[in-house]
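What follows is a short report on a single structure.
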Amino acid sequence: MAEKRKFYLTTPIYYTNGLPHIGHTYSTIVCDTIRRYKRMQGYDVVLTTGTDEHGVNVERSAKKAGVPESEFVAKMAEEWRRIWDEFGIQGDEFIRTTEVRHARTVQWLFRLCRENGYVYPGHYTGQYCIYDNAYVDVKPGENCPDCGRPTETVTEENYFFKLSAFQQVLLDFYKKNPNFIQPETRRNEVLSFVEGGLRDLSITRTSIRWGIPVPGEEPHVFYVWFDALTAYLSAVGGPEYDRRGYWPADLHLVGKEIIRFHAVYWPAFLMAAGLPLPKQVWAHGWLLMDSAKMSKSLGNVVRPRPIVNVLGLDALRYYLLRETVFGQDGNFSYDALVQRYNSDLANGLGNLASRTLTMIEKYCSSVIPKSGADLPATFAPRRGPEKIDQIRSAYEQYQFTRALEEIWRLITDVDLLISEQKPWVLAEDPAKRSDLEKVLWIAADTLRVVAVLAFPVIPGATEKLWKALGQTGSLSEQNIDTVQWGQLKPGVKVSKAETLFPRVEKTEAIERMEAMESEAQKEPQKQPAAAASAAAAGGSTTTAPPAAPEKIAIDDFTKVEMRVGQVKTAERIVGADKLLKLTVDIGSEVRQICAGIAQYYEPEKLIGRKVVVVVNLAPRKLRGVESNGMIVAASVGPEGRPVLAGFAEDVEVGARLK
């Protein structure tokens, strides 16, 4: 049997100064999508991700936490690994830069560069940005030109890499390999940087101790980029890379802010060592919140777990790849996320699957009907083979938005066909039986094709759909290059329709995600590992039945401070159907509080009413409005209708509840 073609791709090696936010998740989901697609093409694929665990930031963070660096990074690496596992993102290699196999590779690469005459000793005085782990060309006291944060003056002995020797070599390489850097905007940016002149690069430091030592040259430790970039090579064999056969990498996927390191420094290191270069570096854009890049320091990060817990992993995967054109910046908003979920997933694919399977159950005894000899004239052009080719071509070019647009056009076309042909009417006329079976077969066959083509993006829901259509094996085993129209065999029994994407109420879903995000920001190391089983399969999740409440001690209860408040003003929040913005007098001050009671209480009727207020909750924002406290209400009936807690007797405003 012929050996499978190999394909090796990598995420960035993520720095362990915090847990993944949605920007990191975007990078990793894109790589996982490519991995699934290439495997469906028959490739032997390896996807590497991992954690960058050295450098001054880690040293300082560990000191602040009061633990050794090794303990700090081990805990962080485990959290990163757990989150990707939880989300079913199937990394084949998880490399930690504190592993022995990695240290061996870094030291080996250094030795090769040194032996070939591209490393020399020296010293350096200049400004260093600890946040970007980079020396920057600014004066003392000036901020980093890339991230805008303060720099530090550093003077120390170093080993330097002769980057200046590779200026023309790199330019010649870029010219010979025009697709090495993608997209074009990033290629132009790198060309401009290299054409502007390259200076030799410090690749070791002596002012910190937390790093891989330079053999025989202590206290030198390797500078973070010479260390971190080499992880791509150490993950697939290091000095023995040729034995495993995955190097050079087919694709490095990175954020645009680190393109220079991957497209200039990394190929220069490899050239100096006489090693093969990666085939392509793709830089994606940023996910923006309020027109700013997500950043822990700016406090505008969005974490993936609340989204997965409320809408499911497939919803997050679909939104990120459908909403943001790969290579460009994208704007994240909960509003757009839920809108996409309801319109494309719940009302689109989910509704078509439910309608089709229900009608096959009702009119064809749950068996795929015969296909018929021909297609309705108005529909035949919509199922041309070029449609599938367009989608495959989009995947090949990493144009995920276009691929999903074309897939969803197929869904829309079948919805139109069903509306035109009206199977429920055809079913009433025995003479129209052939037409009925033809329409239902077309709908089911289209769902089969959609399941195969959309699997790399939404693996959980499409796998369920595949099984419901009575298809054998796993979607991951299907060859995406050979899928065609008309391959659905009649006579196969289908399963009862299952709701792939339950429709959600937008305001409620957003409030739940924002509340979970607020809690996660308060205790980032204690985020619950919810939805793990469903997410690991890549599917949608629904809220599990609540567990029995945990018993608490009286000391726990006394931590909750509740006071009598009186509503002074009340108004609706634009765009939030369930929320009211209240100002409440609690005796010592007047608080602004948001309450999800707008559907049951008129604002003007609340003014003057006395309510129970939890006053020692940390402030949080709901739909962009700060809420400083919580109004207590009972949850009544199956729909959980809120009923405000009150008092039968006159109680003084500000009185404490016990």
Side-chain angles (χ1 to χ4, degrees), residues 9 11 22-38 40-41 89 179 181-187 251 253-256 259 280-289 291 293-294 302 304 307 311-350 352 382 386-413 449-462 480 483 501 538:
L9 73 158
T11 75
I22 203 169
H24 306 115
T25 308
Y26 175 63
S27 301
T28 312
I29 283 175
V30 167
C31 279
D32 183 67
T33 298
I34 296 170
R35 176 188 183 274
R36 291 175 187 272
Y37 172 74
K38 301 304 289 187
M40 292 178 79
Q41 288 187 305
I89 298 175
N179 293 322
I181 305 168
Q182 290 294 318
E184 191 68 20
T185 51
R186 302 281 83 84
R187 172 180 162 81
L251 174 66
L253 188 139
V254 300
K256 67 179 183 179
I259 184 64
Q280 191 172 59
V281 180
W282 245 102
H284 64 73
W286 292 336
L287 288 180
L288 307 176
M289 283 282 284
S291 301
K293 180 194 175 189
M294 289 188 192
V302 173
I307 297 170
L311 299 178
L313 178 59
D314 277 350
L316 177 59
R317 293 176 67 107
Y318 178 82
Y319 171 77
L320 292 176
L321 295 179
R322 175 64 179 83
E323 194 78 5
T324 300
V325 176
F326 186 56
Q328 299 180 16
D329 289 345
N331 285 295
F332 176 86
S333 78
Y334 287 115
D335 191 272
L337 167 66
V338 178
Q339 181 66 30
R340 279 282 177 205
Y341 174 88
N342 278 333
S343 63
D344 292 13
L345 298 178
N347 295 345
L349 176 59
L352 177 62
R382 302 173 188 168
E386 68 278 359
K387 280 287 185 183
I388 296 176
D389 291 340
Q390 288 170 3
I391 294 164
R392 284 194 289 246
S393 175
Y395 273 126
E396 284 293 326
Q397 300 172 61
Y398 308 141
Q399 295 179 356
F400 307 108
T401 297
R402 186 164 70 87
L404 292 171
E405 286 175 349
E406 293 298 331
I407 292 171
W408 255 253
R409 284 196 179 99
L410 298 175
I411 294 169
T412 301
D413 285 347
V449 171
V450 164
V452 175
L453 295 176
F455 173 76
V457 178
I458 50 172
T462 50
I480 201 168
V483 63
F501 298 101

Mind checking whether [X] and [Y] have side chains closer than 4.5 Å, heavy atoms only?
| X | Y | value |
| --- | --- | --- |
| L311 | L345 | no |
| D344 | I411 | no |
| V338 | N342 | yes |

Identify the heavy atoms of [X] and [Y] that sit nearest to each other, and give their distance.
| X | Y | result |
| --- | --- | --- |
| R317 | D32 | NH1-OD2, 2.7 Å |
| I259 | V281 | CD1-CG1, 3.6 Å |
| V483 | L453 | CG1-CD2, 4.1 Å |
| H284 | F326 | CB-CE1, 3.6 Å |
| P183 | W282 | CD-CZ3, 3.5 Å |
| I480 | V452 | CD1-O, 4.0 Å |

When you compare the side chains of K38 and Q41, does any donor N or O come within less than 3.5 Å of an acceptor on the partner?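 A pair is found: one side chain offers a donor N or O, the other an acceptor, under 3.5 Å apart.
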Parallel, tilted or perpendicular for F400 and Y398, by the 30°/60° rule?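 Parallel: the ring planes of F400 and Y398 meet at under 30°.
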Just say parallel, tilted or perpendicular for the rings of Y318 and W408, cut-offs at 30° and 60°.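 Judged by the thresholds at 30° and 60°, the geometry between Y318 and W408 is tilted.
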Step by step, would you call Q339 with S333 a side-chain contact (heavy atoms from CB on, under 4.5 Å)? CA-CA 10 Å; Q339 181 66 30; S333 78; over 6 Å; no
Sort out for me which residue in I407, D314, V450 forms a side chain to side chain contact (heavy atoms under 4.5 Å, CB included) with L349.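 That would be V450; it is the only one of I407, D314, V450 passing the side chain to side chain contact (heavy atoms under 4.5 Å, CB included) with L349.
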Salt bridge flag under 4.0 Å for residues R409 and D413: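 Here R409 does not pair with D413 in a salt bridge, since their nearest N and O are not under 4.0 Å apart.
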Rounded distance (nearest 0.5 Å) linking atom CG of L337 with atom CD1 of I22: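 Spacing of CG (L337) from CD1 (I22) equals 7.5 Å.
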How many angstroms lie between atom CD of E396 and atom CD1 of I34, to the nearest 0.5 angstrom?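 E396 CD to I34 CD1: 10.0 Å, rounded to 0.5 Å.
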